[in-house]
Amino acid sequence: MTTRHLGLLKPVHVHPFIARCNPFVNSSFFCTCKTSNRIVLEISSLLEGCSQLNHLKQIHSKLLVYGLQHNSQLWTRTATSYVSFACIDSANLLFERTLNPSSFLWNIMIRGFATQGRFFLSLKLYAKMLHSGLRPDKFAFPFALKSCAGLSDLQMGKQIHQHLISFACSTDVFVNAALVDMYTKCGNVETARLVFDKMRIRDLVSWTSMISGYAHNSYNIETLEFFDLMRGSMVKPNRVSLLSVMLACGNLGVLRKGEWFHNYSIQAGFQSDILVATAVMDMYAKCGSLDLGRFLFDQTVGKDVVCWSAMIANYGIHGQGREAIGLFTQMVEAGVNPNHVTFTSLLSACSHSGLLGEGQRYFELMSKEFRIWPELKHYACMVDLLGRAGKLFEAEKLIENMPVEPDSSIWGSLLGACRIYGNLDLAERVAGKIFNLNPTHAGYHVLLSNIYAAKSRWNEVEKVREMMAGKGTNKIQGFSMIEFNNHVYIFGVGDRSHPQSDNIYALLEELAASMRQLGYVPSTNFVLHDIEDEAKEVALSYHSERLAIAFGIINTVPGTPIRITKNLRICGDCHSAIKFISKIVNRVIIVRDIHRFHHFKDGMCSCGDYW
DNA sequence: ATAGGGTTAG
């Protein structure tokens, strides 16, 4: 004779409630008690306090066994608990089997999908709820708006804005913060500001939504101004508000201001907060102080994948690819799993430093070993990497064989490589594809025209210029920034608005003379580069970066580094000129352009003339 | 019974 354990009798780690409703113990328990309020309340509180998914599943199955799924309170509670365990699909199964879901349950589901990043489904549910005749309430709108923000769907966002006005929710603090957030995430900062200005009550999150919206849309000065305004309104900043100002300081490259906020964050007690620490470290690196960034990085306890990735990325943009790789190895050894951003940072670091073999190895490794499948941005890094190494044919093959559809930026990388290697045939073909995908991007037109100019094909240069005028390309004005005396000085090309202009221009002329003696020859190939299209050598010498540098030489202490931030790529002629300037005035000149850092010192640049 | 703003790359 054999005996078999039934399993159901003595489950391990089962909650007392489950033990009590075990059918072998008391099968009539639920049948007799299911209408009892006391029991419903008891189960409800069990569901609420349920701290393990396993327990929740057990309670759920018991509810089914005893036919309690018709008790809407328990059923809703179960769905809610599934959402809090991020099991949105299990919750959705319950939801779909619910006859007339309450507003509460609808809201829970809309929230669940929104917080899981499944924005489309979340909005679909919102629409279904409206369709079913229920009035959306002040709890529904923040989640629905979050989904619009996640999708950058401005049209839908505007519609929901209309809805919330008609359903009388337009004075709710939460709803308004979500509106501000939605508008800024859809890139509509001005409308966000209108909403913000109309708010009667503004709490910390309202302010932070606006500040963060400014920061993420590169309204950097406004970010800093709003932070001061918030403090002036007696709202005390927290860690999240600090992240935005750090981001803005990094964007602007304002080291002193950044130091001030760093100090502030220490005094406010956020020194060991991993988010703030990462933002501070990143700020220093983005202001050109890579070493200080590294120092803080080393001091940070409990570094997560974001912190590691940020440091790897910073080594990359400073042209220290080997350091980036070393850090990546340390990160893996420390047991932190890299993600897709880590690999973007690592591959772009390899590309900036010309580490072809290493880049190719990590590109392979990312899917083989780390199970991360390359996305468009990873392919973009690889095209850059191959292009820099002069492997234009391989780069083109890679693009053609990618499993993802290439966009204009991928082809743009290849076009950049064509400029460096003077490959006109390929450039023309690639430009054709780019202009199909993105007809009004000024930068690619300029790039093509520079390629023609380098071959003295002036007719074609003129044609590209006409093409740009005909299509009305989105021309971006180049400018350079320098921080001095708690101000940011912003120079455009040929800018004469600064009171010290006479001195600045005189210094540049003086420098030009010394540069020529040292062998500098202006390269007019770059007249169109950087979209600052003055066609003469004179214009070259008054590019915004040179004005900012001259300002720096005049006003800062001799021997100290000069830090410049530029909103576009530095032009080839300026790059060569600044090398000479660094030697003549014996200063370290750190220029951050849209792409990377250039540390000019003693006639050389850290980028090795590739950028 | 439900709530919001968040660091990394391109």
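Chain naming here is simple, since letters A, B, ... match the order of the sequence lines and numbering starts at 1 in each.
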Give [X] one of three labels, base, sugar-phosphate or nothing, depending on what nucleic acid heavy atoms sit under 4.0 Å from its own.
| X | value |
| --- | --- |
| A:V173 | base |
| A:H378 | nothing |
| A:N107 | base |
| A:L247 | sugar-phosphate |

From [options], pick the nucleotide closest to the side chain of [X]?
| X | options | answer |
| --- | --- | --- |
| A:H352 | B:dG4, B:dA9, B:dG10 | B:dG10 |
| A:P142 | B:dG6, B:dA9, B:dA3 | B:dA3 |
| A:T344 | B:dA1, B:dG4, B:dG10 | B:dG10 |

Under a 4.0 Å heavy-atom cutoff, the residues of residues 231-243 of chain A touching DNA chain B are A:N238, A:R239, A:V240, A:L243
Check: Any N or O donor-acceptor pair linking the side chain of A:N176 to the base of B:dG4 at under 3.5 Å?
Finding: no
In short, side chain to side chain donor-acceptor pair (under 3.5 Å) pairs touching residues 295-309 of chain A with sequence neighbours left out are A:R294-A:D298, A:S309-A:T342
- Query: Closer than 4.0 Å, any side-chain N/O of A:T208 to the OP1 or OP2 of B:dG6?
  - Reply: no
Any donor and acceptor pair, going by atom type alone, linking the side chain of A:N107 with main-chain N or O of A:I110 inside 3.5 Å? no
- Query: Around atom CD of A:Q271, are there more than 12 heavy atoms of other residues, nucleotides or ligands at under 6.0 Å?
  - Reply: no
Sorted by chain and number, sequence neighbours left out, ring pair (Phe, Tyr, Trp, His ring centres under 6.0 Å) with A:F261 holds for A:F227
